[in-house]
Amino acid sequence: MNDQTIRIVLAGPRGKMGSEAVKMVAETKNFELIAAVDSRNNGKQLKDLEGVLPLEVPVYDDLEDCLIANECDVLIDLTTPETGRKHMEIAFRHGVRPVVGTTGFSDQDVTELSQIANEKRLGAVIAPNFAVGAVLMMKFSQMAAKYFQDVEIIEQHHDQKLDAPSGTAVKTAQMITQNRDEKHQGHPDEKETIQGVRGGSIEGIRIHSVRLPGLVAHQEVLFGGEGQTLTIRHDSINRASFMPGVKLAVETVMKLDTLVYGLENIID
Ligand SMILES: NC(=O)C1=CN([C@@H]2O[C@H](COP(=O)(O)OP(=O)(O)OC[C@H]3O[C@@H](n4cnc5c(N)ncnc54)[C@H](OP(=O)(O)O)[C@@H]3O)[C@@H](O)[C@H]2O)C=CC1
Ligand SMILES: O=C(O)C1=N[C@H](C(=O)O)C[C@H](O)C1
């Protein structure tokens, strides 16, 4: 498989992540962008789309039609949770391995999609964050939770983001729960005088979501203990930060026969 060309279809090429991923695929030896899926530009070429690398790659508004017309190995999906879920099911039906950065999937979505991947014996990757620094932030937080049971998460993103909390914050909390007993963070009798002011909760871990123009993707995991605090922070200052992770996921998914949730599970 090493020198074999990986044929890719990319959904969401006009998006902030998708347009960056088009560049990454075009620049990567052994990757070939066969087609793109964009609900507004059926029948055009990528070169006709504003803000996208001018490539002679056909655009379809429907993944099913695209996969009937083209032989592909991997689907990269960078769209919305509803579309991402639908696209994964279509990809599995066509024997195409999905690499999905789209966030906002429920636990049930991940479980059901894993079952389909297992039945079909097809590799798939869902990675809430492709930046290696973010993966390290999550792993360090999981390690720290062994020593600090008190923890809150603050995630900050651009104000065009559709889902809250971020997929990264959810994954971080899920990883922390593996080293932390369930605990409601803060005073047991605390009362919110403004609804929602204490944030959301995963097993009592509070998650606070900030949305502002000017931000890209940032997260702090704050631990508190007797007389000390520990802050673990990661910042993505541009979307190129995610591309080595997308590339690794595409290469790795070709060798998998099951669904992997989280880049930490395929990074050495
Ligand atoms: N895993 C990771 O490391 C990262 C994940 N993300 C996630 O990736 C996703 C995309 O983020 P981002 O690029 O910022 O978002 P954008 O809104 O910039 O891009 C999403 C793109 O998907 C397109 N789209 C929506 N529905 C469909 C459909 N049915 N078929 C084809 N294309 C469709 C949109 O088109 P239109 O404009 O017409 O609606 C848009 O161009 C989000 O879920 C985000 O959370 C983001 C950054 C990093
Ligand atoms: O929408 C974004 O921008 C990002 N989404 C992902 C998430 O929800 O965690 C990854 C990164 O934080 C950027």
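Note that ligands are numbered from 1 as they come in the structure, with each ligand's atoms numbered from 1 the same way.
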**OP:** Considering only NZ, NE, NH1 and NH2 on the basic side and carboxylate oxygens on the acidic side, decide whether R211 and E155 come within less than 4.0 Å.
**Re:** yes

Subject >> Heavy-atom protein contact below 4.0 Å for atom 44 (C) of ligand 1 >> reply: yes

**OP:** Would you confirm whether D62, through its side chain, and D65, through its main-chain N or O, come within 3.5 Å as a donor-acceptor pair?
**Re:** yes

**OP:** Decide, yes or no, whether a salt bridge links K247 with E27 under the criterion of side-chain N to carboxylate O below 4.0 Å.
**Re:** no

Subject >> Donor-acceptor contact below 3.5 Å, side chain D38 vs main chain G12 >> reply: no

Subject >> For atom 37 (O) of ligand 1, the option (of R14, H157, K86) bearing the nearest heavy atom >> reply: R14

Original post:
Does ligand 1 have a heavy atom under 4.0 Å from the side chain of S39, from its backbone, from both, or from neither?
Top reply: both

**OP:** Could you find the nearest protein heavy atom to atom 25 (C) of ligand 1 and give me its residue, atom name and distance?
**Re:** T80 CG2, 4.0 Å

Original post:
When you measure from the side chain of T102 to the backbone N and O of D77, does any donor-acceptor pair fall under 3.5 Å?
Top reply: yes

Original post:
Considering T83, V52, D38, which one's heavy-atom position lies nearest to atom 26 (N) of ligand 1?
Top reply: T83

**OP:** Look at D163 together with K161 and state whether they make a salt bridge at an N to O cut-off of under 4.0 Å.
**Re:** yes

Original post:
Do Q178 and Q142 have a side chain donor and acceptor closer than 3.5 Å?
Top reply: yes

Original post:
Side chain, backbone, both or neither: which part of P128 comes within less than 4.0 Å of ligand 1 when only heavy atoms are counted?
Top reply: backbone

Subject >> Contact atoms of ligand 1, heavy-atom distance to T102 under 4.0 Å >> reply: 8 (O), 43 (O)

Subject >> R233 bridged to E220 by N-O distance under 4.0 Å >> reply: yes

**OP:** Show which atoms of ligand 1 fall inside a sub-4.0 Å distance from at least one heavy-atom site of N129.
**Re:** 1 (N), 2 (C), 3 (O)

Original post:
Quick one: does H87 get an N or O within less than 3.5 Å of an N or O on ligand 1?
Top reply: no

Original post:
Is a side-chain donor or acceptor of D257 paired with a backbone partner of G123 at a separation under 3.5 angstrom?
Top reply: no

**OP:** State the atoms of ligand 1, each with its element, that fall below the 4.0 Å cut-off from a heavy-atom position in K161.
**Re:** 45 (O)

Subject >> Heavy atom of the protein closest to atom 40 (C) of ligand 1 (residue, atom name, distance) >> reply: G15 CA, 4.1 Å

Subject >> Pairing of R14 and E50 as salt bridge, 4.0 angstrom limit >> reply: no

Subject >> Protein contact to atom 38 (O) of ligand 1 [nearest heavy atom, distance to 0.1 Å] >> reply: R40 NE, 2.3 Å

**OP:** State, without any angle test, whether T83 and T80 hold a side-chain donor-acceptor pair at a distance under 3.5 Å.
**Re:** yes

Original post:
Any Lys/Arg nitrogen of K23 or E20 sitting under 4.0 Å from an Asp/Glu carboxylate oxygen of the other?
Top reply: yes

Original post:
Are E119 and Q115 linked by a side-chain donor-acceptor pair shorter than 3.5 Å?
Top reply: no

Subject >> Audit row: D150, Q185, side chain to side chain donor-acceptor pair (under 3.5 Å) steps and yes/no >> reply: CA-CA 7 Å; D150 293 86; Q185 204 56 53; 2.7 Å; yes

Original post:
What is the minimum heavy-atom distance between A35 and Y60, and which atoms define it?
Top reply: CB-CE1, 3.9 Å

Subject >> Candidate with minimal heavy-atom separation from atom 42 (C) of ligand 1, of D163, T79, L78 >> reply: T79

Subject >> G101-ligand 1 polar pair, N/O distance under 3.5 Å >> reply: yes

**OP:** Please work out whether any backbone atom (N, CA, C, O) or any side-chain heavy atom from C-beta onward of A127 is under 4.0 Å from ligand 1, and answer side chain, backbone, both or neither.
**Re:** backbone

**OP:** Run the numbers for me: atoms of ligand 1, each under 4.0 Å from some heavy atom of F130, listed by number.
**Re:** 1 (N), 2 (C), 3 (O)

**OP:** Could you check atom 16 (P) of ligand 1 against the protein and tell me its nearest heavy-atom contact, residue, atom and distance included?
**Re:** K16 NZ, 3.7 Å

Original post:
Looking only at N/O atoms, are H158 and ligand 1 under 3.5 Å apart anywhere?
Top reply: no

Subject >> Numbering as shown, the atoms of ligand 1 that approach V37 to under 4.0 Å (heavy-atom distance) >> reply: 31 (C), 32 (N)

Original post:
Is a salt bridge present between E203 and K183, judged by a nitrogen-to-oxygen distance below 4.0 Å?
Top reply: no

Mind listing the N or O contacts between ligand 2 and protein, cut-off under 3.5 Å?
unit_1: ligand 2; atom_1: 1 (O); unit_2: K161; atom_2: NZ; d: 2.8
unit_1: ligand 2; atom_1: 3 (O); unit_2: H158; atom_2: NE2; d: 2.9
unit_1: ligand 2; atom_1: 5 (N); unit_2: K161; atom_2: NZ; d: 3.1
unit_1: ligand 2; atom_1: 8 (O); unit_2: T103; atom_2: OG1; d: 3.3
unit_1: ligand 2; atom_1: 8 (O); unit_2: K161; atom_2: NZ; d: 2.7
unit_1: ligand 2; atom_1: 8 (O); unit_2: G167; atom_2: N; d: 2.8
unit_1: ligand 2; atom_1: 9 (O); unit_2: G167; atom_2: N; d: 3.3
unit_1: ligand 2; atom_1: 9 (O); unit_2: T168; atom_2: N; d: 2.8
unit_1: ligand 2; atom_1: 9 (O); unit_2: T168; atom_2: OG1; d: 2.4
unit_1: ligand 2; atom_1: 12 (O); unit_2: H157; atom_2: NE2; d: 2.6

**OP:** Tell me which part of M17 gets within contact of ligand 1: side chain, backbone, both or neither, using heavy atoms under 4.0 Å.
**Re:** both

